Colleague: 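Have a look at this one before I ask anything.
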Amino acid sequence: MKRVIFAAALLAAVILLNILCIHIVADIKNDITEKLDTLYEAASEGPEEAAALCGEFTEYWIEKSHILCRIVRHDLIDQITIAVARFAPLAEYGEIGELSAEILRCKILLEEIWDSEMPFFRNIF
């Protein structure tokens, strides 16, 4: 009987840990998506404001990527990091079209991270 109780407790711990991880990924995804939307709007207004926001976003992304790398696949995080590293130079040199494309690419990669972490049948098998 003790084994059954231990197994049930272990299963409950795994389920709670997975729910916590999904919650963390959801919060980070929503925050980053909101910041990317703000950055996208700033890019259309002018390169000066966009350059300042790009620097802030880069610092924010590096902070959050350290959390995400413990939970999700590194290849998608690395792709977002490479794109984010391009934000500030693109904004400073006035490449607004390419900056907007990189912002949209990051949003798509975030959606891919979110989709890959959800416990769907296609993700399990």
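Residue indices begin at 1 and follow the sequence shown. Keep in mind that this is a model prediction, so the values were computed, not measured.
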Colleague: By side-chain contact (heavy atoms from CB on, under 4.5 Å), which residues pair with E41, not counting sequence neighbours?
Modeller: none
Colleague: Within this structure, what is the CD-CD distance for the pair E117 and E112, rounded to the nearest 0.5 Å?
Modeller: 10.5 Å
Colleague: Give the minimum heavy-atom separation between A91 and C54, together with the two atoms involved.
Modeller: CB-SG, 3.9 Å
Colleague: Quick one: side-chain contact (heavy atoms from CB on, under 4.5 Å) partners of L16, sequence neighbours excluded?
Modeller: none
Colleague: Would you compute the distance between atom CD1 of I15 and atom CG of L10 and round it to the nearest 0.5 angstrom?
Modeller: 10.0 Å
Colleague: Using residues 97-110 as the side-chain source, report each donor-acceptor pair under 3.5 Å to any protein atom, sequence neighbours left out, with the distance given to one decimal.
Modeller:
from : atom 1 : to   : atom 2 : distance (Å)
E98  : OE2    : R86  : NH2    : 2.2
S100 : OG     : I96  : O      : 3.0
E102 : OE1    : R105 : NH1    : 3.3
E102 : OE2    : R86  : NH1    : 2.8
K107 : NZ     : D37  : OD1    : 2.5

Colleague: Would a hydrophobic clustering, with Ile, Leu, Val, Met, Phe, Trp and Tyr connected at side-chain separations under 4.5 Å, put W114 with L20?
Modeller: yes
Colleague: Set out, in order, the CA-CA distance, both residues' side-chain angles and the distance that settles side chain to side chain contact (heavy atoms under 4.5 Å, CB included) for W61 and I77, then state yes or no.
Modeller: CA-CA 10 Å; W61 169 252; I77 294 173; 3.9 Å; yes
Colleague: Is it possible for you to say whether M118 and V25 belong to one hydrophobic cluster, with membership spreading through side-chain heavy-atom contacts below 4.5 Å?
Modeller: yes
Colleague: Counting only heavy atoms from other residues, nucleotides and ligands, does the tally under 6.0 Å from OH of Y60 exceed 12?
Modeller: yes
Colleague: Report the C-alpha distance between L53 and E56 in whole Å, list the side-chain angles of each, state the deciding distance to 0.1 Å, and finish with yes or no for side chain to side chain contact (heavy atoms under 4.5 Å, CB included).
Modeller: CA-CA 5 Å; L53 285 176; E56 293 173 13; 3.8 Å; yes
Colleague: Using every non-hydrogen atom in the two residues, find where S116 and I113 come nearest and quote the distance to one decimal.
Modeller: OG-O, 2.9 Å
Colleague: Taking all heavy atoms of H74 and all of C69, pick out the closest pair and write down the distance.
Modeller: NE2-O, 3.1 Å
Colleague: Hey, can you pull the donor-acceptor pairs under 3.5 Å for the side chains in residues 26-34, sequence neighbours left out?
Modeller:
from : atom 1 : to   : atom 2 : distance (Å)
D27  : OD2    : H23  : NE2    : 3.1
K29  : NZ     : E111 : OE2    : 3.4
N30  : ND2    : A26  : O      : 3.2
T33  : OG1    : K29  : O      : 2.7

Colleague: Can you tell me how far CG of L36 sits from CZ of F87, rounded to the nearest 0.5 angstrom?
Modeller: 5.5 Å
Colleague: By salt bridge (Lys or Arg N to Asp or Glu O under 4.0 Å), which residues pair with E49, not counting sequence neighbours?
Modeller: none
Colleague: Check ring pair (Phe, Tyr, Trp, His ring centres under 6.0 Å) between Y40 and all other residues, then give those that pass, not counting sequence neighbours.
Modeller: none
Colleague: Working to the nearest 0.5 Å, report the span between SG of C21 and CG of L68.
Modeller: 10.5 Å
Colleague: Working to the nearest 0.5 angstrom, can you tell me the gap between I67 CD1 and R70 CZ?
Modeller: 7.0 Å
Colleague: Using 0.5 Å steps for rounding, measure from the CG atom of L17 to the CD1 atom of I22.
Modeller: 10.0 Å
